[in-house]
Protein chains: 2
Amino acid sequence: MARVRIGDVAREAGVSLGTVSNALNHPEKVRPETRRIIDEAIERLGYLPNQSARMLAGGHSNVLGLVLPRLNHGSSLQIANGALTEARRHGYNLIMANANDDKALSARSARYLMGMQVDGILVQPVPSLEWEPAATHTVPVVYLDVRSGSPGSYVSADNMGQGALIARHLVTHGTEHIAVIGRTSSQHMKLRLAGIQDVLSAHPDIELEVLDAGEWNVSGDGYSLGVSLMQRAPGERPDAIIGLTDVLAAGAIGGALSTGARVPDDLLVAGCDGNPLAWSTPVALTTCSPAGYEIGRKGIQLLLERIAASDAQPRETQERREEVVRPFLLPRASTGAVPTEGLTTVENRARSIPEFNMGAYL
Amino acid sequence: MARVRIGDVAREAGVSLGTVSNALNHPEKVRPETRRIIDEAIERLGYLPNQSARMLAGGHSNVLGLVLPRLNHGSSLQIANGALTEARRHGYNLIMANANDDKALSARSARYLMGMQVDGILVQPVPSLEWEPAATHTVPVVYLDVRSGSPGSYVSADNMGQGALIARHLVTHGTEHIAVIGRTSSQHMKLRLAGIQDVLSAHPDIELEVLDAGEWNVSGDGYSLGVSLMQRAPGERPDAIIGLTDVLAAGAIGGALSTGARVPDDLLVAGCDGNPLAWSTPVALTTCSPAGYEIGRKGIQLLLERIAASDAQPRETQERREEVVRPFLLPRASTGAVPTEGLTTVENRARSIPEFNMGAYL
DNA sequence: CTTGTGAATTAAAACGCTTTAACCATATGC
DNA sequence: GCATATGGTTAAAGCGTTTTAATTCACAAG
């Protein structure tokens, strides 16, 4: 089946090849009448433009690349969704590459995308301590969800801010003893904890203890910790638990409930970074706005700005930009926020988060 | 910054352009000595091949496309990982497009990828009743995770088999009253249920009831159902719950425990399609092997076969192939399977599922 | 000293499109 | 009416590769 080329369309429509190309790329340059004839010819022949040829000839692709470290890393999913939505809004296609937690593969993917003539690249780096030597980029690159120190422009969540937000929220609820649970070896978590500590340093009367939750951050660990914390002697028992991760917090709620403790009456529980996976807790979980979606959105915006700017001036002279996504609190039942009556819990939760659809799980 | 072209490399290495191309694509055709010189020149100049030009000239790309309906649809994540891994194993790159549950976008993405000269496409269709009119494909296409009736070759899970497997497992444990919970409006779920009913039709003495879990399949719904089922009068109470989804089953465990029921002593609980997200239940959940990863793997294999075959004979004459991924049981504590002693629960679970790493959640 | 052979290299022809500049009507201004 | 715009259209020149056919070269055989 010989593939239909632009020349075939031109012949079918009785115009020249260039006119067809114009109809496709600069519709305003061709008379509506002619355009109609061409459209019909395209339809009749089932013409499919060869993107490779377009990119080669045009020097640009209208495609943006997104390199993720792994599909199931915390925010990657939400980043992907935010980026996709925003890219489409601007008429760009988005193609994704998954580095499978392999640093070399991540770099190779980015290089490959550049070779593919994408107009710009978003990279969520593989978690690691050192940055790879800043490769020479032939297209604008923006890094996502990184701690500061990236070699280029980046968009990042305000992890410290998240911690502080939650801590302040609990403080206003009169807590006297907070237990923080989470894998504190991770950078993100360290920052969240720092935010908490920062706020509590102004409240020396409030007791703060930190429990490491093991390597996996699965809710089973949260569950165990919830149980053991609630089984302590009354005086030793915390009256609030912060999960550095929503999944841990969700587990902790389950664990606490199983000991007969009541949430939020006996125990306040809050999470971080509003993971839609954790919505389905017995008691709706107070948390912070999930940053992923917004990081993806802002990443695309920043990238597009840089692409536009590159056309004007050489990329080298552009300043490095840093964007931080500000968190906001999502107070829910687990810290005694008043549930909206007349709504199911799911509906209730849905109202709190714009990108609710992120959470529907099969 | 003018981009380095293959001609620049040739000049730097003191050979002709064609030789550089050969060194890149048919290394065996160029003397090792020359190859070394060329490699050095490439290194020195930081040459990055223009993939668009390669695809255009070569007519193929060494890239496979994957179109997903949505990143967070049940098995999509695992499909993506399975496909990626298998594609890399065969030296292919994989680029993904996300259709965001939009049928038109899904079709457009597939067309776009074809225009991009990918060598083949894997499509997990947007859930919907009718198939889009079979578009003319310029490259081999394989559909994934579909109910039968697809217009082309496909790889699918054996949802009925999963249901049957779980049902048989419970039957051998002497259950007398099974409650099935899940959103039975979904095709996948219908099939799983059918498998269960099929097995139980041979056991008229076992009571079977089906409870619809609402639209969202979140574990909160499982929790509520778990509570209400266990709060029934002793005679009315089921002694086993099957969640058509692992997440529901996980919720049900929590709900049941909260009423004081013991799992698995008073109640057996099992899920379906081993969702790693549900690993973190208080009691390890019995379930079936997750099909997603395997579907992705087999999909790539089938696709590669078809690509190889297309080179030999025209695609039209090829037969339509159907592959089904067979499920196997993952018996764990929630149905009284003996836990492996000396291992943490996480380790224990890890051993049961090859693609364990799928489940590590930040 | 031819001639033949095979390996290594090169020159040149696609690949399918975008874009530039030239072209041609037809409408506009004086 | 003649020059001047103006909107549409076209011919032709790339874009950076791969690939095919031609060329060169070294060496062995006759």
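Protein chains get the first letters and strands the later ones, always in sequence-line order, with residue 1 at the start of each.
- The residue A/Leu17 sits close to a base: some heavy atom pair falls under 4.0 Å.
- When distances are taken from the side chain of B/Ser16 to each of D/dT18, C/dC17, C/dA11, the shortest belongs to C/dA11.
- Distance alone, capped at 3.5 Å, is enough to place a donor-acceptor pair between the B/Asp119 side chain and the B/Ser61 backbone.
- With DNA chain C read from its 5' end, the first of the two nearest nucleotides for B/Glu28 and B/Gly58 is the one closest to B/Glu28.
- Looking only at distances, a side-chain donor or acceptor of B/Ser109 sits under 3.5 Å from a matching main-chain atom of B/Leu105.
- The A/Asn22 side chain lies nearest to C/dT19 when the options are C/dT19, D/dT17, C/dG16.
- Across the protein-nucleic acid pair, B/Lys29 atom NZ and C/dA8 atom P stand 11 Å apart, rounded to whole Å.
- One finds no side-chain N or O of B/Arg3 lying less than 4.0 angstrom from the OP1 or OP2 phosphate oxygen of D/dG16.
- Nearest-nucleotide assignment on DNA chain C puts the 5′-proximal partner with B/Val15, out of A/Leu24 and B/Val15.
- Note on B/Arg320 versus B/Glu322: salt bridge recorded, some NZ/NE/NH1/NH2 to OD/OE distance being below 4.0 Å.
- The distance from atom NE2 of A/His26 to atom C1' of D/dG7 is 16 Å, rounded to the nearest whole Å.
- Checking the phosphate oxygens (OP1, OP2) of D/dT9, a side-chain nitrogen or oxygen of A/Thr34 falls inside 4.0 Å.
- The side chain of A/Thr19 places no N or O atom within less than 4.0 Å of a non-bridging phosphate oxygen (OP1 or OP2) of D/dT9.
- In this structure, the nucleotide among D/dT9, C/dT18, C/dC15 sitting nearest to the side chain of A/Arg54 is C/dT18.
- One interatomic measurement links the two molecules: CD of A/Gln51 to C1' of C/dG16, which rounds to 11 Å at whole-angstrom precision.
- As a whole-Å value, the separation of B/Leu56 CG from D/dT18 P is 11 Å.
- B/Asn62 has its CG atom 12 Å from the P atom of D/dT18, to the nearest Å.
- Side chain of A/Asp8 to main chain of A/Val4: no donor-acceptor pair is present (N/O by atom type, distance under 3.5 Å, no hydrogens or angles).
- A/Ile6 has its CD1 atom 12 Å from the P atom of D/dT10, to the nearest Å.
- Of the side-chain N and O atoms in B/Ser21, one or more sit less than 4.0 angstrom from OP1 or OP2 of D/dT18.
- For B/Asn50, the listed nucleotide lying nearest its side chain is D/dG16; candidates were C/dT10, C/dT18, D/dG16.
- The main-chain N or O of B/Asp102 is never found under 3.5 Å from a side-chain atom of B/Ser106 such that the two would form a donor-acceptor pair.
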